[in-house]
Amino acid sequence: CGVDAFGAFDTAAQTIRLVRPEACREMAKTNPAYASLPFRKFYESLVVHEVAHQIFRSHLGGRSVSLATHEYVAYALQIASMAPEVRQAFLKPLNSKPPDDLAPFVDMVLLMSPETFGALAYAHFSKPGNGCRILTEIIEGKISFPSSDELD
């Protein structure tokens with residue numbers, strides 16, 4: 001989509017790709033949500049994000065799901081993997097209250113503000129009773145994220 005990314009999961013090669021640490025540090029400096037984080041901890045969380053994509057995809061059995069669904073899983077696990085003080089530093093300025101439903105988890109929100117989307121995903125995922133239940137139901141096809149058309 002013409003947006004610089006910190007990393008990607010290459011489905012053909014079954015590998016994760018991250019930008020070089022030096023380039024990542026410069027990219028992170030331009031985004032207030034990432035600039036205040038200890039760089040090494042942020043970079044480590046990117047690895048978790050991309051590995052989460054690989055593991056999630058491997059459990060879908062070839063079923064296609066939206067980009068927002070993939071990113072919900074990857075961001076929720078990335079942020080959950082952060083040390084509590086790093087996670088708090090990331091989440092505090094975004095001030096995201098846990099959504100009650102899946103309405104915010106659409107591709108348009110993701111593309112407009114990936115860091116806000118990630119904070120919302122973590123907040124939703126972390127609500128009591130969600131977490132593993134949500135992941136399992138997404139993988140089993142019991143939960144599907146709304147398309148932009150469904151929100152009209």
Side-chain angles (χ1 to χ4, degrees), residues 1 3 5-19 24 28 31-34 36-152:
C1 296
V3 176
F6 292 108
F9 171 63
D10 183 333
T11 56
Q14 292 289 302
T15 59
I16 65 169
R17 297 172 188 246
L18 297 175
V19 295
C24 184
N31 186 319
Y34 305 126
S36 65
L37 302 181
F39 176 71
R40 191 81 199 142
K41 298 298 181 187
F42 171 63
Y43 198 74
E44 290 169 359
S45 79
L46 295 174
V47 173
V48 173
H49 182 105
E50 298 308 332
V51 169
H53 278 301
Q54 191 278 329
I55 294 169
F56 177 58
R57 186 175 297 277
S58 73
H59 283 81
L60 288 175
R63 188 167 49 87
S64 180
V65 297
S66 69
L67 175 61
T69 305
H70 282 280
E71 293 301 330
Y72 172 96
V73 171
Y75 273 114
L77 296 176
Q78 173 186 4
I79 296 166
S81 78
M82 293 175 172
E85 65 277 3
V86 177
R87 182 171 44 251
Q88 182 61 24
F90 174 73
L91 294 173
K92 187 174 182 177
L94 297 169
N95 194 25
S96 299
K97 293 180 176 47
D100 293 323
D101 59 22
L102 300 176
F105 303 113
V106 293
D107 294 347
M108 185 59 70
V109 174
L110 169 65
L111 294 173
M112 289 175 59
S113 181
E115 59 279 357
T116 299
F117 181 95
L120 288 169
Y122 174 77
H124 182 264
F125 175 81
S126 298
K127 282 178 69 170
N130 283 357
C132 289
R133 179 189 64 81
I134 293 288
L135 292 179
T136 299
E137 291 182 9
I138 291 170
I139 289 168
E140 292 174 348
K142 294 178 182 173
I143 290 178
S144 60
F145 286 60
S147 71
S148 298
D149 299 343
E150 294 170 329
L151 298 175
D152 290 339

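One is the number of the first residue; the rest follow in order along the sequence.
Partners of Lys41 under the side-chain hydrogen bond (donor to acceptor under 3.5 Å, both in side chains) rule, at least two apart in sequence or in another chain, do not exist in this structure. Applying the side-chain hydrogen bond (donor to acceptor under 3.5 Å, both in side chains) test to Ser144 and every residue at least two apart in sequence or in another chain returns nothing. A search for side-chain hydrogen bond (donor to acceptor under 3.5 Å, both in side chains) contacts involving Arg17 returns Asp10, not counting sequence neighbours. Contacts of Ser66 classified as side-chain hydrogen bond (donor to acceptor under 3.5 Å, both in side chains), with partners at least two apart in sequence or in another chain: Thr69. Listed by chain and number, the residues in a side chain to side chain contact (heavy atoms under 4.5 Å, CB included) with Ala89 are Leu37 (sequence neighbours excluded). Every residue meeting the ring pair (Phe, Tyr, Trp, His ring centres under 6.0 Å) condition with Phe56, not counting sequence neighbours, appears here in chain and number order: His70. Scored by the salt bridge (Lys or Arg N to Asp or Glu O under 4.0 Å) test, Asp101 finds no partners at all (sequence neighbours excluded). Legend: residues meeting ring pair (Phe, Tyr, Trp, His ring centres under 6.0 Å) with Tyr122, ordered by chain and number and at least two apart, are absent. By the ring pair (Phe, Tyr, Trp, His ring centres under 6.0 Å) test, Phe125 is found to be paired with no residue, residues two or more places apart in sequence or in another chain being considered.
Between Phe42 and Val86, every side-chain heavy-atom pair lies at or beyond the 4.5 Å cut-off.
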Candidate pair Leu110 and Tyr72, rule side-chain contact (heavy atoms from CB on, under 4.5 Å), full reasoning: CA-CA 9 Å; Leu110 169 65; Tyr72 172 96; over 6 Å; no
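If you take CZ on Arg57 and CZ on Arg63, they are separated by 12.0 Å, rounding to the nearest 0.5 Å. Met82 contributes atom CE, which lies 12.0 Å from atom CG of Leu77 (distance to the nearest 0.5 angstrom). Rounding to the nearest 0.5 Å gives a distance of 5.5 Å between CG of Leu46 and CD of Gln78.
Classification of the His49-His53 ring pair by plane angle, with boundaries at 30° and 60°, yields perpendicular.
Here the two rings, on Tyr34 and Phe6, have centers that are under 6.0 Å apart.
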Per-pair distances, 0.1 Å, donor-acceptor, side chain in residues 129-141, under 3.5 Å, sequence neighbours excluded:
{"unit_1": "Asn130", "atom_1": "OD1", "unit_2": "Arg133", "atom_2": "NH2", "d": "2.8"}
{"unit_1": "Asn130", "atom_1": "ND2", "unit_2": "His124", "atom_2": "O", "d": "2.6"}
{"unit_1": "Arg133", "atom_1": "NE", "unit_2": "Gly129", "atom_2": "O", "d": "2.7"}
{"unit_1": "Arg133", "atom_1": "NH1", "unit_2": "Glu137", "atom_2": "OE1", "d": "3.2"}
{"unit_1": "Thr136", "atom_1": "OG1", "unit_2": "Cys132", "atom_2": "O", "d": "2.9"}
{"unit_1": "Glu140", "atom_1": "OE1", "unit_2": "Lys142", "atom_2": "NZ", "d": "3.0"}

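When each of Leu67, Val65, Leu102 is checked for a side chain to side chain contact (heavy atoms under 4.5 Å, CB included) with Phe145, only Leu102 meets the rule.
In terms of modelled atom types and a separation under 3.5 Å, the side chain of Ser126 and the main chain of Ala123 share no donor-acceptor contact.
Residues Val19 and Cys24 share a closest heavy-atom pair of CG2-CB, 3.4 Å. Heavy-atom minimum distance, Ser81 versus Val48: OG-CG2, 3.6 Å. When all heavy atoms of Val106 and Ala68 are compared, the closest pair comes out as C-CB, 3.7 Å. Minimum heavy-atom separation, Ala76 to Ala121: CB-O, 4.1 Å. Nearest heavy atom pair, residue Ala33 against residue Phe90, reads O-CD1, 3.4 Å.
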